Amino acid sequence: MGNITRITDFGAPELDVYARMTENQLLRRDAPEKALFIAESPRAVLRALDAGYEPVSMLVEDRHIQGEAGELLERCPDVPVYTASFEVLAQLTGYPLTRGALCAMRRKPLPPAAELCRDARRIAVLENVMNPTNVGAIIRSAAALGMDAVLLTPDCSNPLYRRAVRVSMGTVFQIPWTILEEKECGTWPEAGMHYLKSLGFSTAAMALRSESAAVDDRNLKQEKKLAVLLGSEGYGLSAGTIAAADYTVKIPMTHGVDSLNVAAASAVVFWELGKKRIEELDDKEDTRDENSSDLR
């Protein structure tokens, strides 16, 4: 742990990434090879490291150097670490740090959608979901509840924005995701919906229509490859997306409530439509554990 620098100068350029750069500046659309993101909390940083992301520097509350952030520092002995007290870091970053640690990391090139979907059975597709909190929560639900991948239209909030990473509890580094770029998939929704179907997926649009099937519909569950489409906060899916979908789906509700927040709705639909997939994955895990036990 010899690469630790105590913060004395708030204006140090090494701290710009934490204190003064916006999410769009970190994204570096003009030079994607230099793009960065910030992972917050030791758990999220460890999951990013496990997924192969390269750390650039860390900002750690001094009391966590020998505590929760200790494993991070052991895994990244050559990465610059900046440290200060809780009060100083809250002043620098503008808010208290979760578990007292931030890590600046390099982004990786995104894979094409076709690559992620090749062996997928259940995927989530987000259309224009612009709140990073909702994006992070949806990805966490997708990772936990049987989805194999998440695809996002270009106008969605980026899953590696700091708030999205934090809300996802680092699951953005565990479930495959990518953006439906026009150069691969064509313009959304017209060409994009056709592209999903060319990959073998039936499409289920979450929409409040009188003719919509209930989320526990038997036909939906029997689809071998299903893409669940979720729309933006307040407006839902576009008319073009709904018109092109194979199904429109709704969650039955009571007390006159007509809709849920998109993140809450995603958890319900992923659980209901991903049950069979979860069982399949659990069976694979059990088999893997049994084989490992036999080898021992």
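Computed from a predicted structure; not experimentally measured.
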**Report entry** Any residue meeting side chain to side chain contact (heavy atoms under 4.5 Å, CB included) with Arg107, in chain and number order, not counting sequence neighbours
**Finding:**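 Side chain to side chain contact (heavy atoms under 4.5 Å, CB included) check on Arg107 returns Leu27, Ala35, Phe37, Asn158, Leu160, Tyr161.
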Query raised in the report: Who are the side chain to side chain contact (heavy atoms under 4.5 Å, CB included) partners of Pro154, not counting sequence neighbours?
Result: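 Counting only residues at least two positions away or on another chain, Pro154 forms a side chain to side chain contact (heavy atoms under 4.5 Å, CB included) with Ile179.
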Going by atom type alone, with no hydrogens or angles, which donor-acceptor pairs under 3.5 Å involve a side-chain atom of residues 259-268 and a protein atom two or more places apart or on another chain?
from   : atom 1 : to     : atom 2 : distance (Å)
Asn261 : OD1    : Ala263 : N      : 2.7
Asn261 : OD1    : Ala264 : N      : 3.3
Asn261 : ND2    : Asn134 : OD1    : 3.4
Ser266 : OG     : Ala263 : O      : 2.6

Report task. Rounded to the nearest 0.5 Å, what's the gap from CD1 on Ile123 to CG on Leu226? Could you check? Result ->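 Separation between the atoms: 8.5 Å.
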Query raised in the report: Is Arg75 salt-bridged to Asp50, cutoff N-O under 4.0 Å?
Result: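 Yes, charged N to carboxylate O under 4.0 Å.
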Query raised in the report: With the threshold set at 4.0 Å, does a side-chain nitrogen-carboxylate oxygen contact exist between Asp246 and Lys197?
Result: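 The answer is yes: the pair qualifies as a salt bridge.
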Query raised in the report: Picking from Lys225, Glu223, Gln222, what satisfies side chain to side chain donor-acceptor pair (under 3.5 Å) with Ser202?
Result: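 When side chain to side chain donor-acceptor pair (under 3.5 Å) is applied between Ser202 and each of Lys225, Glu223, Gln222, only Glu223 qualifies.
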Query - Short side-chain donor-acceptor distance under 3.5 Å, Tyr247 and Ser212 - result: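 Distance-only check fails for Ser212 and Tyr247.
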Where [X] and [Y] come nearest, the two heavy atoms and their spacing:
X: Ile4; Y: Thr83; value: CG2-CG2, 3.6 Å
X: Pro159; Y: Val165; value: O-CG2, 3.6 Å
X: Lys108; Y: Gly52; value: CD-O, 3.9 Å

Requested in this report: Look only at the side chain of Glu74 and the backbone of Glu71, and say whether a donor-acceptor pair between them is shorter than 3.5 Å.
Outcome: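 Between the backbone of Glu71 and the side chain of Glu74 there is no qualifying donor-acceptor contact (under 3.5 Å).
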**Report entry** Option among Leu229, Thr248, Ile242, Val249 that satisfies the side chain to side chain contact (heavy atoms under 4.5 Å, CB included) test with Met206
**Finding:**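 Result for side chain to side chain contact (heavy atoms under 4.5 Å, CB included) with Met206: Val249.
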